[in-house]
Number of protein chains: 2
Amino acid sequence: MAMGRPRGFDADAALDQAMEVFWRHGYEGATIAQLTEAMGINPPSLYACFGNKEGLLKAALDRYTKLRGAWMEEVVAAPTAREVAERMLMGIAEKQTDPANPPGCLLVQGGIACGTGSENVPFELAARRAQNEDQLRDRFIRAKAEGDLKETSDPAALARYVSAVAVGMGVMASSGADREALRQVASVAVQAVEAQSGRE
Amino acid sequence: MAMGRPRGFDADAALDQAMEVFWRHGYEGATIAQLTEAMGINPPSLYACFGNKEGLLKAALDRYTKLRGAWMEEVVAAPTAREVAERMLMGIAEKQTDPANPPGCLLVQGGIACGTGSENVPFELAARRAQNEDQLRDRFIRAKAEGDLKETSDPAALARYVSAVAVGMGVMASSGADREALRQVASVAVQAVEAQSGRE
DNA sequence: CCACATCTGTAGCGAACACTACAAATCTGG
DNA sequence: CCAGATTTGTAGTGTTCGCTACAGATGTGG
């Protein structure tokens, strides 16, 4: 039944380049011309492989969260809630100022507000951020069960808090904050988690 | 010397409408057609009055920060660093879920990442956010001098922290978080400031 | 070697974008 | 009432956007 001409580029490598363009310019700010040039392909190849611009974004987000998934597992593997928060936020301070990537976080830079016709892009990003928050929440629920968090503390609220700080750090990073500034933010932020720690 | 035909609309009222459009769709997502319709004017009036799209954004940002300036002064008028943080973050939880406005904060929704040709829009927003941070920092410096913050605490880091949480809350609000969820984040966040409070 | 299926590059599609030329309309100063 | 100045609405401008038609290229199955 004939298999046809094989694809002439590596989809994952191309996605890495697309990720970077979305990361730097946002969904609406990234043009197909910029994307195809970065990916080293022509528009028809892009559309044959990913459907349309939004499909390409989703594929890039999938790859992004997949790559970060391993790191998130290291984070929640920390022994205490406090250390989970510390690993998470200190790691973010590092990652979001890594010169190998655009500053900030793709899940924020990708597009917080979009124009008519792209309304679900912000939702798409929010859903991916919510995944991280859920992982944190589950970890904090365990921490509470283990007596690592106070009886009065709310794991879901704590997870939301850490997630909010992470997002805030991302925005700061994208607007020029350096690594040391982010570390200071993380350091202060962890103290709130510490205040929730303990047996009582 | 003849004064010419007077302007047929109120610039501030028009700016309020423009603010809302930028707030909801971001700088790049907002089209001139949407802006002029919301403002109740035609394109030539817009360009005669504000220069171009970016000029309109700056005017809208000026108005936004001016309107919030009064509130910020109430915030820093709180008696202690802890209460400053609490008023700020609890007030933000309220404001960012006020149905009278789009959710979130214009200084974030306006545009975190932009395409080629609008690179300075994110800088413009960051500069306005930095103003708030500076106000907080100055207030925390005073708090430290008054013995309201520990000798070991860093007022600038604390201001950056509160500012980061505020931004994070804004992003959460824009993606659907309700008032109670934001209040919980604020409540946890304040505990980090509390940990820095005291004489020692 | 041939029929078929899929990918690739060229070139360009209609639509939407930010922005403006122009003339009619509306004011002030004399 | 008139001359000069400014604004307003109509109706576009050229450019760029996301996306695609089409034909040639490159593979597999028989």
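Below, read A as the first sequence line, B as the second, and so on, with proteins coming before strands; counting in each chain starts at 1.
One can place CD1 of A:Ile32 at 6 Å from P of D:dC19, the figure rounded to the nearest angstrom. If you take CG of B:Leu46 and P of C:dC17, they are 15 Å apart, rounded to a whole angstrom. At whole-Å resolution of the value, CZ in A:Arg7 and P in C:dA5 are 19 Å apart. Per the geometry, OH belonging to B:Tyr47 stands 17 Å off C1' belonging to C:dC22, to the nearest Å. Distance, A:Met39 CE to C:dT8 P: 11 Å, rounded to whole Å. The CE atom of B:Met3 sits 16 Å away from the C1' atom of D:dA3 (whole-angstrom rounding). Between the CZ atom of B:Phe9 and the P atom of D:dT6 there is a distance of 16 Å, given to the nearest Å. Atom CD of B:Glu28 and atom P of C:dA18 are 10 Å apart (whole Å).
If you find the closest nucleotide of DNA chain D to B:Gly4 and to B:Pro43, the one lying nearer the 5' end belongs to B:Gly4.
Checking the phosphate oxygens (OP1, OP2) of D:dT8, a side-chain nitrogen or oxygen of B:Ser45 falls inside 4.0 Å.
The nucleotide whose nearest atom lies closest to any side-chain atom of A:Pro44 is, among D:dG29, D:dG9, C:dT8, C:dT8. Taking every side-chain heavy atom of A:Lys53 into account, D:dC19 is the closest of D:dT10, D:dC19, C:dT10.
A cation-pi geometry, defined here as NZ or CZ lying under 6.0 Å from the six-membered ring centre and within 45° of its normal, holds between B:Arg7 and B:Phe9. For the pair B:Arg24 and B:Phe22, the cation-pi test (distance below 6.0 Å, angle within 45°) is failed.
Looking at B:Arg5, its side chain has no donor and acceptor atom pair within 3.5 Å of the base of D:dT6.
Residue contacts shown for B:Pro6 are limited to sugar-phosphate atoms, with no base heavy atom under 4.0 Å away.
Side-chain contact, A:Glu83 with A:Thr80: a donor N or O sits under 3.5 Å from an acceptor N or O.
Residue-environment remark: CD (B:Glu119) exceeds the threshold of 12 foreign heavy atoms within 6.0 Å.
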